[in-house]
There are 2 protein chains.
Amino acid sequence: MLSKKTKYGIKALAFIASREDKKPVQTSEIAKSENISLKFLESILLSLRKSGFLGSKKGKGGGYYLIQEPEKIKMTSVVRVLEGPIAMVPCVSLNYYEKCDDCPDEATCSVHALMIQVRDSTLNVLGGNTLYDLARVKKKAQSD
Amino acid sequence: MLSKKTKYGIKALAFIASREDKKPVQTSEIAKSENISLKFLESILLSLRKSGFLGSKKGKGGGYYLIQEPEKIKMTSVVRVLEGPIAMVPCVSLNYYEKCDDCPDEATCSVHALMIQVRDSTLNVLGGNTLYDLARVKKKAQSD
DNA sequence: TATAAACCCTATCGGATTAGTAGGTTATTA
DNA sequence: TAATAACCTACTAATCCGATAGGGTTTATA
């Protein structure tokens, strides 16, 4: 299950990316438009800034803006920062590997083999989508 | 993240499926071999019996056995029973659908479109694997 | 230079879930 | 009838999640 943090974070990034201009977007505007608790969203955007996805501008007229082009931001990296491992089991995670307490040998583990397949197919999907793609879906739907 | 319940359940099913004979397998044997807490495993096997995957026999020489052929048991159904929804977000779940509180319209939701892709690719993998496949991995690895 | 806008930071908290533990009951078979 | 093994109920410790509270700091602009 995707946490709300991740879900809201993705929505917020897509919201910012779907803007034509490059002016900073206020947290309050995103919160209102996407029905997200303001305070909760604040903490999410903060962590997205700290992990290098967003820049910020303080004071009146400030807000958050994308640092990179939307086409360059793969959903794999977004999910990893917000949610953590993409794999469903730590022992098949590329970026957050952890050995299982049970399992003397991973080659003997039936779950391991299966979850590697799941991981790879998920990586394919997330790696094949960028923020640009998400923003396009959003804009397209709105213009209908 | 896969819960331990699901992980252990899959392991146990693969263990039973990898047996040559069709004699009942004791919970204690599985627990010892797979390093699972006996009591926890008991509750897992019980729920697998109640959902129609396993049969049981009480008393001496009793235990659990598969009701269907391993080739007929897709991992999609196993995961659904043990873990619940396969989708990462309830609003794209086929079997456990639930509308999001936020999201006035799913067509406008950037997360929705992405998670449908993830769901479908995961379904492909889990639907393409049966208990027979998992048991084969296990037996192959053990004979090496 | 005062004020309002907006980001920034820390702490806390209730509720839900998870992974187990404990202890007893029932059915089967040798 | 004694041993075995599934079955059932209840409890618990720990963790995490989603949010809330309550401020502090910085900056633009009138």
Side-chain angles (χ1 to χ4, degrees), chain A residues 1-12 16 23-51 53-67 82-85 88-90 96 98 100-102 111, chain B residues 1-12 16 23-51 53-67 82-85 88-90 96 98 100-102 111:
Chain A
M1 276 292 148
L2 217 60
S3 67
K4 299 232 168 175
K5 180 185 173 189
T6 304
K7 188 182 164 195
Y8 293 162
I10 294 175
K11 279 184 156 192
I16 297 172
K23 278 188 287 188
V25 184
Q26 283 86 48
T27 309
S28 58
E29 185 186 351
I30 304 173
K32 195 179 285 180
S33 171
E34 302 288 336
N35 297 304
I36 306 172
S37 144
L38 177 64
K39 283 295 200 177
F40 192 27
L41 182 59
E42 271 187 357
S43 72
I44 295 168
L45 294 180
L46 206 54
S47 85
L48 284 171
R49 196 215 64 195
K50 285 182 179 168
S51 40
F53 289 100
L54 296 174
S56 67
K57 195 159 171 273
K58 287 188 186 177
K60 199 170 184 176
Y64 289 97
Y65 52 90
L66 287 177
I67 286 183
L82 290 168
E83 187 78 8
M88 298 186 76
V89 167
Y96 298 81
E98 223 171 298
C100 297
D101 293 333
D102 47 312
V111 175
Chain B
M1 274 293 146
L2 218 61
S3 67
K4 300 234 167 173
K5 180 186 174 189
T6 305
K7 188 182 165 195
Y8 292 163
I10 293 174
K11 279 184 154 191
I16 297 173
K23 277 188 288 187
V25 184
Q26 283 85 49
T27 308
S28 59
E29 186 186 350
I30 303 172
K32 193 179 287 181
S33 171
E34 301 289 336
N35 297 303
I36 306 172
S37 144
L38 176 64
K39 283 296 200 177
F40 192 26
L41 183 60
E42 270 187 359
S43 72
I44 296 168
L45 294 181
L46 206 53
S47 83
L48 284 171
R49 197 215 64 195
K50 285 180 179 170
S51 40
F53 290 99
L54 295 174
S56 67
K57 196 160 169 268
K58 286 188 183 177
K60 196 169 185 179
Y64 290 97
Y65 51 89
L66 287 178
I67 286 183
L82 290 169
E83 187 78 7
M88 297 185 77
V89 166
Y96 298 82
E98 223 171 299
C100 295
D101 293 334
D102 47 312
V111 175

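Residue numbers begin at 1 in each chain, while the letters A, B, ... track the order of the sequences.
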Quiz item: Should A:Tyr8 be listed as having a side-chain N or O under 4.0 Å from OP1 or OP2 of D:dC17?
Solution: no
Quiz item: Between A:Ser37 and D:dT20, is there a side-chain N or O to OP1/OP2 distance below 4.0 Å?
Solution: yes
Self-check item: Sidechain-backbone polar pair: A:Ser47 side chain, A:Ile44 backbone, donor-acceptor under 3.5 Å
Solution: yes
Practice problem: Begin from the C-alpha positions of B:Asn35 and A:Asp101 and carry the test side chain to side chain contact (heavy atoms under 4.5 Å, CB included) through to its verdict. | Solution: CA-CA 8 Å; B:Asn35 297 303; A:Asp101 293 333; over 6 Å; no
Practice problem: With rounding to the nearest 0.5 Å, note down the distance linking CD1 in B:Ile67 to CZ in B:Arg49. | Solution: 9.0 Å
Practice problem: Please list, chain by chain and in numerical order, all residues satisfying side chain to side chain donor-acceptor pair (under 3.5 Å) with B:Glu29, sequence neighbours excluded. | Solution: B:Arg19
Quiz prompt | B:Glu29 CD to D:dA5 C1', straight-line distance once rounded to whole Å | solution = 13 Å
Self-check item: Short side-chain N/O contact to C:dT18 OP1/OP2 from B:Ser3, under 4.0 Å
Solution: no
Practice problem: Answer whether the closest heavy-atom distance between the side chains of B:Glu98 and B:Pro85 falls below 4.5 Å. | Solution: no
Quiz item: B:Gln26 has an atom CD; how far is it from atom P of C:dT29, in whole Å?
Solution: 13 Å
Quiz item: Using a heavy-atom distance cut-off of less than 4.0 Å, which residues of residues 42-51 of chain B contact DNA chain D?
Solution: B:Glu42, B:Leu46, B:Arg49, B:Lys50
Practice problem: Please check the phosphate of C:dT29 (OP1 and OP2 only) for any side-chain N or O of B:Lys57 closer than 4.0 Å. | Solution: yes
Practice problem: Whole angstrom is fine here: how far is it from CD in B:Glu83 over to P in C:dT17? | Solution: 13 Å
Exercise. Please list, chain by chain and in numerical order, all residues satisfying ring-ring contact (aromatic ring centres under 6.0 Å, His included) with A:Phe40, sequence neighbours excluded.
Key: A:Tyr8
Quiz item: Salt bridge between B:Asp102 and A:Lys4, side-chain N to carboxylate O under 4.0 Å?
Solution: no
Quiz item: Rounded to the nearest Å, what distance is computed from the OH atom of residue A:Tyr64 to the C1' atom of nucleotide C:dA5?
Solution: 14 Å
Quiz item: For B:Thr27 and A:Leu2, take the nucleotide of DNA chain D holding the closest heavy atom to each; which residue's nucleotide lies nearer the 5' end?
Solution: B:Thr27
Quiz item: Nearest-Å distance, CE (B:Met1) to P (D:dC17)?
Solution: 11 Å
Self-check item: d(NZ, B:Lys23; C1', D:dA6) in whole Å
Solution: 18 Å
Quiz prompt | Interatomic distance, B:Lys39 NZ vs D:dA10 P [rounded to whole Å] | solution = 15 Å
Quiz prompt | Base D:dG18 to side chain A:Lys7, donor-acceptor N/O within 3.5 Å cut-off | solution = no
Exercise. Would you kindly give the OH-to-P distance between B:Tyr65 and D:dA5, to the nearest whole Å?
Key: 16 Å
Practice problem: Take B:Lys60 and A:Lys4, find for each the nucleotide of DNA chain D with the closest heavy atom, and name the residue whose nucleotide sits nearer the 5' end. | Solution: B:Lys60
